[in-house]
Asks: 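Right, I'll just put the structure down here and ask away after.
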Amino acid sequence: MCGRYTLAKAEPTKAALERLGIEIAKDASLPTRYNVAPTQTMPIVRGGEKAELMAMRWGSNWRDKDNKIVLSINARSEKASFSRFKHAVKDRRCLVPADGFYEWDRSKTPSVPHLFQTTGGNPFWIAGAWDEQTEEFPAGYLVFTTAPNAMVGQIHDRMPVILTDEMARAWLQPGPLTGSKIEELCAPYPAEQMRDTIVGPAVSSTRNDSPECVQPPKPISIEDFRLE
């Protein structure tokens, strides 16, 4: 589903942005985030004639057929060309910088959070799209998901679309993408280039946003059972 991610390494992220030709002011700062959650504001790279870095809210609001407000934080890449987000995919594609994402193993009780990263722990790009601000709703972005690779598939049936630098440039180019090109870009990221770390329960609460979120669970000590 990709409902949480990390952007914890500011300097490597700046270097990654520079590789894409994104201009960053020398005194500009990127947030250090260990537990990014929907409706929070994060940096994205907005495509077009000239790609630019900007802050935007995670989540795209819209009204369904019953006029109820819906918040979409992700969408299936397989339906990108003909879903309600087709116009955003055509004209408003973006990249979401990240260096990890979480999924929960819900076969366990309580659920066990897993942090998925590239093998080197380096920043990567999640394919996304954004909606413009309206009189009713703020501007917002969502991320695209794809079928899981062998590693993520042990925990969840979806994973975010992770792009390399070359793929990211293709995603950002102005103008529509063909259905075959979207399919090519949105293939599952190779499992052999990823690592999976079980982390502690801190990340399960959106109130927590500290290094503890990305750390393995603390071992249980006999002290934990000692009566006062």
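Source: prediction; values computed, not measured. Below, each value reflects all heavy atoms present in this structure, side chains not excepted, and no hydrogens, waters or symmetry copies. All residue numbers refer to positions in the sequence shown, counting from 1.
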Asks: Which hydrophobic side chains are connected to V112, either touching it within the sub-4.5 Å cutoff or through other members that do?
Replies: I198
Asks: Under 4.5 Å between any side-chain heavy atoms of R33 and D209, yes or no?
Replies: yes
Asks: Look at the side-chain heavy atoms of Ile, Leu, Val, Met, Phe, Trp and Tyr, link any pair under 4.5 Å apart, and say whether V214 and Y5 land in one connected group.
Replies: no
Asks: Could you tell me whether E184 and K181 have a side-chain N and a carboxylate O separated by less than 4.0 Å?
Replies: yes
Asks: Does the side chain of R92 come within less than 4.5 Å of E132's, by heavy atoms?
Replies: yes
Asks: From R207 CZ over to S205 OG, what is the distance, rounded to the nearest 0.5 angstrom?
Replies: 4.0 Å
Asks: What ring-ring contact (aromatic ring centres under 6.0 Å, His included) pairs are there with at least one residue in residues 94-120, not counting sequence neighbours?
Replies: F101-F116
Asks: State, to 0.1 Å, how close P148 and P188 come at their nearest heavy-atom pair, and which atoms those are.
Replies: C-CB, 4.3 Å
Asks: If you count every heavy atom of other residues, nucleotides or ligands that lies below 6.0 Å from E49 atom CD, does the total exceed 12?
Replies: no
Asks: Quick one: are P43 and M54 in side-chain contact, heavy atoms under 4.5 Å?
Replies: no
Asks: Could you give all pairs that pass the ring-ring contact (aromatic ring centres under 6.0 Å, His included) test and reach residues 28-57, with sequence neighbours left out?
Replies: none
Asks: Strictly below 4.0 Å, N to O, side chains only: are E103 and R158 in salt-bridge contact?
Replies: no
Asks: Apart from I69 itself, what residues make up its hydrophobic cluster, given side-chain heavy atom links below 4.5 Å?
Replies: F137
Asks: Count the heavy atoms of every other residue, nucleotide or ligand shown that sit under 6.0 Å from CD of Q215, and state whether that count exceeds 12.
Replies: yes
Asks: Are V36 and W130 connected in the hydrophobic side-chain network, where two residues link if heavy atoms are under 4.5 Å apart?
Replies: yes
Asks: Under 4.5 Å between side-chain heavy atoms, counting indirect links through other Ile/Leu/Val/Met/Phe/Trp/Tyr residues: same cluster for L7 and V203 or not?
Replies: no
Asks: Output yes when a side-chain donor or acceptor of Q193 lies under 3.5 Å from a complementary backbone atom of P190, and no otherwise.
Replies: no
Asks: Report the distance from atom NZ of K9 to atom OG1 of T32, rounding to the nearest 0.5 Å.
Replies: 11.5 Å
Asks: Counting only heavy atoms from other residues, nucleotides and ligands, does the tally under 6.0 Å from CD of E78 exceed 12?
Replies: yes
Asks: With rounding to the nearest 0.5 Å, note down the distance linking CZ in R106 to CD1 in I155.
Replies: 11.0 Å
Asks: Kindly write out the residues that satisfy side chain to side chain contact (heavy atoms under 4.5 Å, CB included) with E23, not counting sequence neighbours, or none if the list is empty.
Replies: K50
Asks: Can you see which heavy atom on A202 is nearest to which on N208, and at what distance?
Replies: O-ND2, 2.7 Å
Asks: Supply the members, apart from L30, of the Ile/Leu/Val/Met/Phe/Trp/Tyr cluster built from side-chain contacts under 4.5 Å; use none for a lone residue.
Replies: L17, L20, I22, I24, V45, L53, W62, V70, F85, V89, L95, W125, L142, F144, V161, L163, M167, W171, L172, L177, I182, L185
Asks: I'd like to know if the side chain of S72 reaches the main chain of N74, judged simply by a donor and an acceptor atom lying under 3.5 Å from each other, with no hydrogens or angles considered.
Replies: no
Asks: Give the minimum heavy-atom separation between P160 and I126, together with the two atoms involved.
Replies: CB-CG2, 3.9 Å
Asks: For residues R93 and Q173, is any side-chain donor paired with an opposing acceptor at under 3.5 Å?
Replies: no
Asks: Can you name the closest pair of heavy atoms from I73 and G59 and give their distance?
Replies: CG2-CA, 4.3 Å
Asks: Measuring from atom OG1 of T13 to atom CD of E18, what distance do you get when rounded to the nearest 0.5 angstrom?
Replies: 11.0 Å
Asks: Please name the pair of heavy atoms, one in P38 and one in G3, separated by the smallest distance, quoted to 0.1 Å.
Replies: CD-O, 3.3 Å
Asks: Once you round to the nearest 0.5 Å, how far does CG of N35 lie from CZ of R4?
Replies: 5.0 Å
Asks: Honestly curious: do M159 and V199 fall in one hydrophobic cluster under the side-chain, below-4.5 Å linking rule?
Replies: no
Asks: Got L115 and R195 here, is their nearest side-chain heavy-atom distance under 4.5 Å?
Replies: no
Asks: Would you indicate whether the side-chain heavy atoms of P123 and P12 approach each other to under 4.5 Å?
Replies: yes
Asks: Tell me, yes or no, whether the heavy-atom count around E166 atom CD, taken from other residues, nucleotides or ligands under 6.0 Å, exceeds 12.
Replies: no
Asks: Quick check: does any side chain N or O of D64 sit under 3.5 Å from a backbone N or O of D66, one acting as donor and the other as acceptor?
Replies: yes
Asks: For a quick check under 3.5 Å, do T6 and D99 share a side-chain donor-acceptor pair by atom type?
Replies: yes
Asks: Can you tell me how far OH of Y141 sits from CZ of R46, rounded to the nearest 0.5 angstrom?
Replies: 14.5 Å
